[in-house]
Novice: 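Dropping the structure in here first, questions after.
Counting from 1, the numbers follow the sequence of the chain as shown.
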Amino acid sequence: MAFFHFFGGKGGVGKTTCAAAHALRACDGKARVLLVSTDPAHSLGDALGVPVGPRPRALRVGRRTLHALELDADRALERWMRSRAEDFRVIARRGTYLDDEDVDQVIGLSAPGVDELIGLLELRRLSRLGKWDVVVVDTAPTGHTIRLLETPEALERIATVLDEMQAKHRLLAESISGRYRPDAADDTILEIADEATGLRAMLGDKAQCKMTWILLPEAMSIAETDDALKALATLGMEVRDLLINRVTAHPSRTCPQCSPRVHAEAQAIAAVRGHFRKCNVVVVRATEDEPRGTAALLLLGRNDTVARTTNPRIARTAISPLAELRRASVSELLPKGRSRLLFFGGKGGVGKTTCAAAAAIALARASLRVLVLSTDPAHSLADVLAMQVGDEERRVPGIRGLYARELDARAAFDKERARYHEAIGATFRALIPGSRMEASYDRAVMEDLIDLAPSGIDEIFAIVTLIDALNAPPAPRRGLPATTRYKWDTIVVDTAPTGHTLRLLAMPRVALEWTHAVLRVLLKYQRLLGLGNLAADVLSFARRLRSLETLLRDPSRTSFVAVTRAAELPRAETTRLLTALEGHRISCPAVVVDAITVGTCERCRRTAFREAAELDALARSAQEPRSSTARARAILVAPAVYPPPYGVEALARWVGGWRRWHRTGTRAKES
């Protein structure tokens, strides 16, 4: 069995880069190394500078070879299901009133988010091939990494559901023949339960795996690290190694950007060392160029400075300051209809939450009633707003008409599950005593249906609350126009990083398929039991899903703003995001490029030169697609600020500095 080395952290902290650099150095130690990305928004190929896919790709590292792959969750699930599907059908036929068509529809749904369920199983399968000594894992951002590591609990639930279905068959077999002989279906249930036990033991065994947690020297990254380490401890996984990435070197002279940044980062590093006393803390200096390709990655962390020979010489006045660009209005991002959704999304760590919160503040100050809502399981909205935020709407102090909420997807799903179980319980309690049905077994099967929902269904149960929020009537308030129909003019949504946001946008369709499958099952049981209002409740949920799907594709009510940075890797992922949004038919009228350099030192001037080139490339790739009447997407640029803009007043000042980028006359010139 190979040794697993996981690299985790908040989106955008450099997990992929650090994992790749570690894997390359491990090859120097003569280990046979496999580097795997489990993030659905893969960027491993971007970091390595070569295409990487679902099959191991060999890369030469000196005299050694590194293998790298980007996990294809759907293909891995298909492989896992292939050898078990017939046993699942047998178990369902024995323990339910489903036929093979029903079973295939329930277990055959394509489920976005299956990367979290199947990822750990696939990693273990790869390690058992015996080809590698070390498997280095580049994980998804925090919230979804925690779910990946909860795979043992998910497998235990599946084994329990199957065992309860099989229990009815065992009882009938014993009543007929006097004994029960386990068969292949029982073996499959035991295998899944054993996988759960084995994975749990592996994650808790320091001889089999370890986790290196990566963070940036920033308050928000430190807060998320604290939460993540506590969550990992509950899963039996202790983190001993912290890597503080992209630490800024002192500028050659006083700089309005670098000088306060260096000071703030020094305070953050001291806070990390003081708070995480039991951890080994390693500091890695920032590089001017993104480390891309094996040669650059091997140097990461080994040199404090970047070779100057590759840096362009630029004229002192080459970069047009942001002040010369036209001020951007956040209102131009809004759809034209009433009661609107405005999504902010992009690669982890590019500033989605900060941009969403700042935009919400600007819209509220324009006399709109705004709810800013976080759907990221690793919420940071409260940190950005510098206030307590929970799963209920809370007024943001100092801004009339602005409220904030962090969706608790699991709580929403648990609430729905409890309602479902109560409805099932009421039905079976009303059965006539002495019924010929084995009621306890059928009740367990009915209750289990909701636990067979696709991975990620909890998020969709939470997100349908958007429908409720958009359609909610306004609370009575002095001065509110009599024509006002809705509680909110706009809901600003702070999303999870790219891969999981795209999963969320695909979930209404998948959840609708699952809901229809459940309805078919309920109708079969309804003929035998009568299920009261349960089927009607499921049908109501299906209607809300259809409404959500329609809403997302209505450009008069929904817009998606892509947030990125002026660097090659974020730009590459943003281009893929824009293509995916086109495929989902979701309007994306603008891209916000965050943290544009405004410093004056030599390093900042070189960075600004590179950013100008990236902005030009982004403007070319971000054109509104495929229509002769479509307008080009707006490119808005937001300045880098240190310390970051936390709190209402700081966010309001920062969003006032957003500018609209024009390619003409803004490109840096080489001297």
Novice: Check for a donor-acceptor pair, side chain of Thr501 on one end and backbone N or O of Ala496 on the other, with a separation under 3.5 Å.
Specialist: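 Yes: the side chain of Thr501 pairs with the backbone of Ala496.
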Novice: Start with the C-alpha distance between Glu150 and Arg147, add both sets of side-chain angles, then the distance that settles salt bridge (charged side-chain N to carboxylate O under 4.0 Å, His left out), and finish with yes or no.
Specialist: CA-CA 5 Å; Glu150 290 174 341; Arg147 290 193 175 187; 5.5 Å; no
Novice: State whether the side chain of Arg57 and the backbone N or O of Pro51 hold a donor-acceptor pair below 3.5 Å, judged by distance alone.
Specialist: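 Such a contact is found between Arg57 side chain and Pro51 backbone.
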Novice: Could you point out which residue of Lys278, Lys230, Lys210, Lys206 forms a salt bridge (charged side-chain N to carboxylate O under 4.0 Å, His left out) with Glu238?
Specialist: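 That would be Lys206; it is the only one of Lys278, Lys230, Lys210, Lys206 passing the salt bridge (charged side-chain N to carboxylate O under 4.0 Å, His left out) with Glu238.
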Novice: Please determine which of Leu149, Leu120, Asp194 meets the side-chain contact (heavy atoms from CB on, under 4.5 Å) test together with Leu199.
Specialist: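 It is Leu120; the other options fail the test.
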Novice: Quick check: does any side chain N or O of Arg200 sit under 3.5 Å from a backbone N or O of Glu195, one acting as donor and the other as acceptor?
Specialist: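 No; zero donor-acceptor contacts below 3.5 Å.
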Novice: Which pair of heavy atoms, one from Gly45 and one from Val52, lies closest together, and at what distance?
Specialist: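 Shortest heavy-atom separation between Gly45 and Val52 comes out as CA-CG2, 3.8 Å.
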Novice: Does any N or O in the side chain of Thr17 come within less than 3.5 Å of the main-chain N or O of Gly14, such that one atom is a donor and the other an acceptor?
Specialist: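 Such a contact is absent between Thr17 side chain and Gly14 backbone.
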Novice: In terms of ring plane angle, is the pair His5 and His22 parallel, tilted or perpendicular, where the classes change at 30° and 60°?
Specialist: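 Correct class here is perpendicular.
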Novice: Can you check whether His42's main-chain N or O pairs, donor with acceptor, with Arg576's side chain at less than 3.5 Å?
Specialist: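 Checking the backbone N and O of His42 against the side chain of Arg576, a donor-acceptor pair under 3.5 Å is found.
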Novice: Does a side-chain N-to-carboxylate-O contact under 4.0 Å join Asp133 and Arg32?
Specialist: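 Judged by the 4.0 Å cut-off on N to carboxylate O distance, Asp133 and Arg32 do form a salt bridge.
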Novice: Main chain of Arg75, side chain of Asp72: is a donor-acceptor contact present, judged purely on distance under 3.5 Å?
Specialist: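 The answer is yes, because a donor-acceptor pair under 3.5 Å joins these two groups.
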Novice: If you take all heavy atoms of Ala231 and Ile146, which pair is closest and at what distance?
Specialist: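 That closest heavy-atom pairing would be CB-CD1, 3.9 Å.
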Novice: Just by distance, no angles: are the side chains of Thr495 and Thr375 close enough, under 3.5 Å, to form a donor-acceptor pair?
Specialist: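 Their side chains do not contain a donor-acceptor pair, so the 3.5 Å distance test is not met.
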Novice: Applying ring pair (Phe, Tyr, Trp, His ring centres under 6.0 Å) as the test, list every pair that has at least one member in residues 165-187; sequence neighbours left out.
Specialist: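 Ring pair (Phe, Tyr, Trp, His ring centres under 6.0 Å) check on residues 165-187 returns His169-Tyr180.
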Novice: Any side-chain to backbone donor/acceptor pair from Glu70 onto Thr38? Under 3.5 Å, distance only.
Specialist: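 No, the answer is negative, given that no donor and acceptor are paired below the 3.5 Å cut-off.
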Novice: Specify the closest pair of heavy atoms between Val134 and Ala2, including all atoms of both residues, with the distance to one decimal.
Specialist: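 For Val134 and Ala2, the tightest heavy-atom pair comes out as N-CB, 4.3 Å.
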Novice: Examine distances only and state if a side-chain atom of Thr65 and a backbone atom of Leu59 form a donor-acceptor pair shorter than 3.5 Å.
Specialist: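 Side chain of Thr65 to backbone of Leu59: no pair is present.
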Novice: Between Val239, Leu242, Leu243, Asp241, which is the residue that forms a side-chain contact (heavy atoms from CB on, under 4.5 Å) with Asn280?
Specialist: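 Only one of Val239, Leu242, Leu243, Asp241 forms a side-chain contact (heavy atoms from CB on, under 4.5 Å) with Asn280, namely Asp241.
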Novice: Anything under 30° is parallel, anything over 60° is perpendicular, the rest tilted; go ahead and classify Phe4 against Phe6.
Specialist: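 Because their plane-to-plane angle is under 30°, the rings of Phe4 and Phe6 count as parallel.
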Novice: Please answer whether the main-chain N or O of Ala73 pairs with a side-chain N or O of Glu122 as donor and acceptor at a distance below 3.5 Å.
Specialist: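 Side chain of Glu122 to backbone of Ala73: no pair is present.
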Novice: Side chain to side chain contact (heavy atoms under 4.5 Å, CB included) between Phe3 and Val135: does it pass, once the steps are laid out?
Specialist: CA-CA 6 Å; Phe3 180 82; Val135 178; over 6 Å; no
Novice: Could you go step by step and tell me if Thr142 and Glu224 meet the side-chain hydrogen bond (donor to acceptor under 3.5 Å, both in side chains) rule?
Specialist: CA-CA 8 Å; Thr142 305; Glu224 187 165 314; 2.5 Å; yes
Novice: So, Arg170 and Asp186, do they make that salt bridge, N to O below 4.0 Å?
Specialist: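 Salt bridge flag = yes for Asp186 with Arg170.
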Novice: Please check if the number of heavy atoms outside Arg60 that lie under 6.0 Å from its CZ is greater than 12.
Specialist: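 Yes, because the 6.0 Å sphere around CZ of Arg60 holds more than 12 heavy atoms from other groups.
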Novice: Using atom types as modelled and distance alone, determine if a side-chain donor or acceptor of Asp391 lies under 3.5 Å from a backbone N or O of Asp408.
Specialist: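 A pair under 3.5 Å: yes.
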Novice: On a heavy-atom basis, which atom in Lys15 and which in Gly8 lie closest, and how many Å separate them?
Specialist: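 It is CD-C, 3.4 Å.
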Novice: What is the minimum heavy-atom distance between Pro377 and His144, and which atoms define it?
Specialist: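 So the minimum-distance heavy-atom pair works out to CG-CE1, 3.3 Å.
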Novice: What pair of heavy atoms forms the shortest contact from Asp183 to Arg94, and how long is it?
Specialist: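 The pair with the smallest heavy-atom distance is OD2-NH2, 2.7 Å.
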Novice: Taking atom CZ of Arg128 as the centre, report whether more than 12 heavy atoms of other residues, nucleotides or ligands fall under 6.0 Å from it.
Specialist: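 Result for CZ/Arg128: enclosed.
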